[in-house]
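Heads up, the thing below is written out as structure tokens.
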2 protein chains.
Amino acid sequence: MSGEPEDAEPDLRHYRELARQLRSVGVVNRELARRLPHDCPPASAGLLTLLRRHGEMRMSRLTELLGIDLSVTSRHVAHAADRGWIERLPDPHDGRSRLLRLTHSGESRLDELSELATETMREFLGDWSAEDVATLSSLLERLGRTFGDCRARGGHSPPPGTDAAPDPATSRT
Amino acid sequence: MSGEPEDAEPDLRHYRELARQLRSVGVVNRELARRLPHDCPPASAGLLTLLRRHGEMRMSRLTELLGIDLSVTSRHVAHAADRGWIERLPDPHDGRSRLLRLTHSGESRLDELSELATETMREFLGDWSAEDVATLSSLLERLGRTFGDCRARGGHSPPPGTDAAPDPATSRT
DNA sequence: TATTGTTATACTCTATAACTATA
DNA sequence: TATAGTTATAGAGTATAACAATA
């Protein structure tokens with residue numbers, strides 16, 4: 001059947017194919033989400049992860065890292081704060097701002113989550129070579145950075161070397 | 001479990017990092033979704049794409065390819081059928097089943113969508129090497145296949161080489 | 001009785017807009 | 001007036017469960 005895409009150049013076909021594959025990542029993410037503790041939605045997990053990696057930060061900074069609207073961040077942060085995983089401290093430099101910090105409870109929570117995610121990935125990707133895993137991770141990181149920079153074309157582009165930046169084997173623009 | 005003080009081996013850190021990067025793909029997908037025509041949600045785009053790639057199929061098969069629940073597929077298919085993008089034909093071999101087929105209208109719709117997605121990807125990934133694009137696409141395809149096979153461990157595990165496998169350049173288990 | 005789909009309901013994540021409080 | 005954050009509301013996607021029709 002499919003006898004159409006003879007007109008598309010190879011490069012364009014790769015773009016199109018990539019767009020499609022990106023959409024199908026949802027399946028994987030849902031599988032990961034399914035295994036999370038019931039009081040910890042995926043959004044909370046992502047939030048805690050960023051907070052450990054980059055350390056104390058303001059709402060707006062977290063929003064930028066998450067690539068979502070500030071209002072959404074506010075919700076997620078409230079959820080995590082209600083459960084004692086993070087603190088919202090006043091910013092000494094700006095009365096409007098609030099500094100977010102992981103609590104001890106949040107740290108141990110994050111340890112569990114980290115363990116769970118790692119376990120799941122190992123279960124499913126047990127037969128992948130370490131190199132392929134690293135390559136995929138690296139390319140996705142670059143992809144996110146590329147889109148993030150374009151969306152927030154105001155400037156920043158903070159390199160994630162703070163806490164646990166693996167960033168192994170791949171060409172980086 | 002043998003718990004060692006140094007715990008996380010490099011491989012484990014890569015697993016954890018990959019899990020994190022996969023979650024951040026949402027940013028990219030939202031950007032892609034933003035550019036879709038207003039009467040065409042991302043789910044419809046995915047549905048039409050699969051229908052062209054694999055040809056006429058039943059609801060259950062489409063559900064399997066999408067990696068979602070049949071009830072969700074039903075909704076999306078109804079949406080697309082209401083707009084004349086696909087037909088739901090009776091299955092001559094099974095009265096309970098319905099065969100889905102792309103209409104001419106759906107084909108041209110899909111051409112637009114394909115063009116849009118390609119354009120967006122090219123805009124953002126213009127400075128990526130063709131090889132990196134292909135590699136990422138390929139690894140994601142493999143990832144989806146791996147998870148899909150594990151999830152559908154009830155029986156099938158239908159190798160996707162059935163119909164129209166693009167399958168470009170990467171090691172495959 | 002088992003399977004294919006459909007529909008009703010609920011939950012998560014997100015965006016927009018209106019609002020408060022600081023700057 | 002502009003910015004940081006909160007809250008209310010709406011829309012998209014998904015899962016579960018109850019249901020209809022056919023095998």
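Note on naming: letters A, B, ... go to the chains in the order of the sequence lines (proteins, then strands), and numbering restarts at 1 for each one.
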Is the NZ or CZ atom of Arg142(B) positioned over Trp128(A)'s six-membered ring, under 6.0 angstrom from the centre and within 45° of the axis?
yes
Determine, for Glu17(A) against Arg53(B), whether the closest basic-nitrogen to carboxylate-oxygen distance falls under 4.0 angstrom.
yes
How close or far is atom C1' of dG5(D) from atom CG of Leu89(A), stated in whole angstroms?
15 Å
Tell me whether Arg52(A) contacts the main-chain N or O of Leu48(A) through its side chain, where contact means a donor paired with an acceptor under 3.5 Å.
no
Strictly below 4.0 Å, N to O, side chains only: are Arg35(A) and Glu123(A) in salt-bridge contact?
yes
Send over the distance from Arg23(A) CZ to dA12(D) C1', rounded to a whole Å.
15 Å
With distance as the sole test, does Asp132(A) use its side chain to make a donor-acceptor pair with the main-chain N or O of Leu139(B) at under 3.5 Å?
no
Between atom CD of Glu112(B) and atom CG of Leu36(B), what is the distance when rounded to the nearest 0.5 Å?
10.0 Å
OG1-CD distance between Thr120(B) and Glu115(B), expressed to the nearest 0.5 angstrom
9.5 Å
When the distance from CE of Met57(B) to C1' of dG5(C) is rounded to whole Å, what number comes out?
16 Å
How does protein contact run along nucleotides 6-14 of chain C, one letter per nucleotide 5' to 3', with B for base contact, S for sugar-phosphate only, - for none, heavy atoms under 4.0 Å?
BB-B--SSB
Please determine whether residues Tyr15(A) and Leu116(B) belong to a single hydrophobic cluster, defined as Ile, Leu, Val, Met, Phe, Trp and Tyr linked transitively by side-chain heavy-atom distances below 4.5 Å.
no
Separation of atom CZ in Arg58(B) from atom C1' in dG5(C), rounded to whole Å:
11 Å
Treat primed atoms plus P, OP1 and OP2 as sugar-phosphate and everything else as base, then score nucleotides 18-23 of chain C 5' to 3': B for base contact with protein heavy atoms under 4.0 Å, S for sugar-phosphate contact only, - for none.
----BS
